[in-house]
Participant: 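The structure's right below; bear with me while I get my questions together.
Naming convention: chains lettered A, B, ... in sequence-line order (proteins, then strands); numbering from 1 in each chain.
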Number of protein chains: 2
Amino acid sequence: MSRQKEIILDVLRKVRTHPTADEILLMARRRVPALALGTVYRNLKLLCDEKKVRRIPMEDAPDRYDGFLEPHDHLVCLDCGKVYDIPSLQTKEALEAKLGTEVRDYEMKVYFICPNCRREDKDGFGSPD
Amino acid sequence: MSRQKEIILDVLRKVRTHPTADEILLMARRRVPALALGTVYRNLKLLCDEKKVRRIPMEDAPDRYDGFLEPHDHLVCLDCGKVYDIPSLQTKEALEAKLGTEVRDYEMKVYFICPNCRREDKDGFGSPD
DNA sequence: CATAGAAATGATAATCATTCCTATTTTATG
DNA sequence: CATAAAATAGGAATGATTATCATTTCTATG
């Protein structure tokens, strides 16, 4: 494993959020200042293939990455885009039983307005960026 | 509703697949030859806002659109990309109960290898494009 | 019917996340 | 140390989707 790949994985494991490739770049550059965005993307893809990292594809925003591997789903705020972990609502086995086919993978995303954004909506002010 | 918007909706309602914007363009052009791709995208967005059409965001391919509105989830072949309808595995109400929050929307996608592609994999040949 | 204002269109340019390319650097190995 | 293989940095390319804008099409009204 190259130095940059190790650092990218380490960054993802230490953080409790679900950062984008750009955010990972910024964090990792504290340790490898010359790190390139392409390298981040390449290694994230490798790490996903090795099942050491999970990609969270976003519908209208850059994808997020997740270093937490226990099965879980995601709750996404439609307002601020923040991603929360929630316990898995299905198992692969249950899906296979219900569908009668082998299942390779599945993806569940629930959308809501997070408490912060709900509060802001009430008084009519958003947060300043 | 403009002529092109009506035709786009009609195309989506008549078809049993889950076409991309490009495919919708081709089908709709049989009736409006000068139709522009931008117009297709603009109207698809409007139709989604009006809840007359559902967008199926795809992870590594152009998004699909669905004119079938009964709640259902999607089963996607990792090989050929074909999208199948499956009965909903959750209800919004069940999710809200489980999560203890208001839920705006949710998205469930299950990945598998469809029977066709499984067969092709066996003999080691894919279909000729 | 004429027509003014509004809304939608077609064509094309712009955006932006992600991937690709390549010359260079790093790493592993005998 | 020499060398081949692998990975990198940096920048260009890709491709789906949006934005822009001049022109066309509706629509309502007198």
Participant: Could you pull out all residues at least two apart from Leu26(B) that satisfy side chain to side chain contact (heavy atoms under 4.5 Å, CB included)?
Facilitator: none

Participant: Can you run down the salt bridge (Lys or Arg N to Asp or Glu O under 4.0 Å) pairs that involve residues 25-37 of chain A, sequence neighbours left out, and say none if there aren't any?
Facilitator: Asp10(A)-Arg31(A)

Participant: Taking OP1 and OP2 of dT8(D), is either one under 4.0 Å from a side-chain nitrogen or oxygen of Ser2(A)?
Facilitator: yes

Participant: Would you please name every residue forming a side chain to side chain contact (heavy atoms under 4.5 Å, CB included) with Leu69(A), sequence neighbours left out?
Facilitator: none

Participant: Rounded to the Å, how far apart are Ile8(A) CD1 and dT8(D) C1'?
Facilitator: 11 Å

Participant: Can you pull out every ring pair (Phe, Tyr, Trp, His ring centres under 6.0 Å) where at least one residue sits in residues 6-34 of chain B? Sequence neighbours excluded, please.
Facilitator: His18(B)-His74(B)

Participant: Where the side chain of Lys98(A) meets the backbone of Pro87(B), is there a donor-acceptor pair that is under 3.5 Å apart?
Facilitator: no

Participant: What N/O pairs connect the protein and nucleotides 27-29 of chain D at under 3.5 Å? Give each pair on its own line.
Facilitator:
none

Participant: Hey, which sits more toward the 5' end of DNA chain D by its nearest nucleotide, Thr39(A) or Gln4(B)?
Facilitator: Thr39(A)

Participant: Please report the distance, rounded to the nearest Å, between CG in Leu35(B) and C1' in dT24(D).
Facilitator: 15 Å

Participant: Which part of the nucleic acid does Arg3(B) contact within heavy-atom distance under 4.0 Å: base, sugar-phosphate only, or nothing?
Facilitator: nothing

Participant: Do the side chain of Glu6(B) and the main chain of Arg3(B) share a donor and acceptor less than 3.5 angstrom apart?
Facilitator: no

Participant: Looking at residues at least two apart in the chain, or sitting in another chain, which of them share a ring pair (Phe, Tyr, Trp, His ring centres under 6.0 Å) with Phe68(A)?
Facilitator: His72(A)

Participant: Checking Thr101(A) now: which residues fulfil side-chain hydrogen bond (donor to acceptor under 3.5 Å, both in side chains) with it, not counting sequence neighbours?
Facilitator: none

Participant: Polar atom pairs between nucleotides 15-18 of chain D and protein, under 3.5 Å, N or O only, would you list them?
Facilitator:
from, atom 1, to, atom 2, distance (Å)
dT17(D), OP1, Asp63(B), N, 3.1
dT17(D), OP1, Asp63(B), OD2, 3.2
dT17(D), OP2, Tyr41(B), OH, 2.3
dT17(D), O5', Tyr41(B), OH, 3.4
dT18(D), OP1, Lys45(B), NZ, 3.0
dT18(D), O5', Lys45(B), NZ, 3.4

Participant: According to salt bridge (Lys or Arg N to Asp or Glu O under 4.0 Å), does anything in residues 55-73 of chain B pair up with another residue at least two apart or in another chain? List the pairs.
Facilitator: Arg55(A)-Glu59(B), Arg55(A)-Asp60(B), Glu59(A)-Arg55(B), Asp60(A)-Arg55(B), Arg55(B)-Asp63(B)

Participant: Tabulate below the donor-acceptor pairs under 3.5 Å that side-chain atoms of residues 44-53 of chain B make, not counting sequence neighbours, or state none.
Facilitator:
from, atom 1, to, atom 2, distance (Å)
Glu50(B), OE1, Lys52(B), NZ, 2.7
Glu50(B), OE2, Lys5(B), NZ, 2.6

Participant: For DNA chain C, note the earliest and the latest nucleotide, 5' to 3', having some atom under 4.0 Å of a heavy atom belonging to chain A.
Facilitator: dA17(C) to dT19(C)

Participant: Hydrophobic clusters join Ile, Leu, Val, Met, Phe, Trp and Tyr when side-chain heavy atoms are under 4.5 Å apart, directly or via other members; which others share one with Leu99(B)?
Facilitator: Leu75(A), Tyr84(A), Ile86(A), Leu89(A), Leu95(A), Leu99(A), Val103(A), Tyr106(A), Met108(A), Val110(A), Phe112(A), Leu75(B), Tyr84(B), Ile86(B), Leu89(B), Leu95(B), Val103(B), Tyr106(B), Met108(B), Val110(B), Phe112(B)

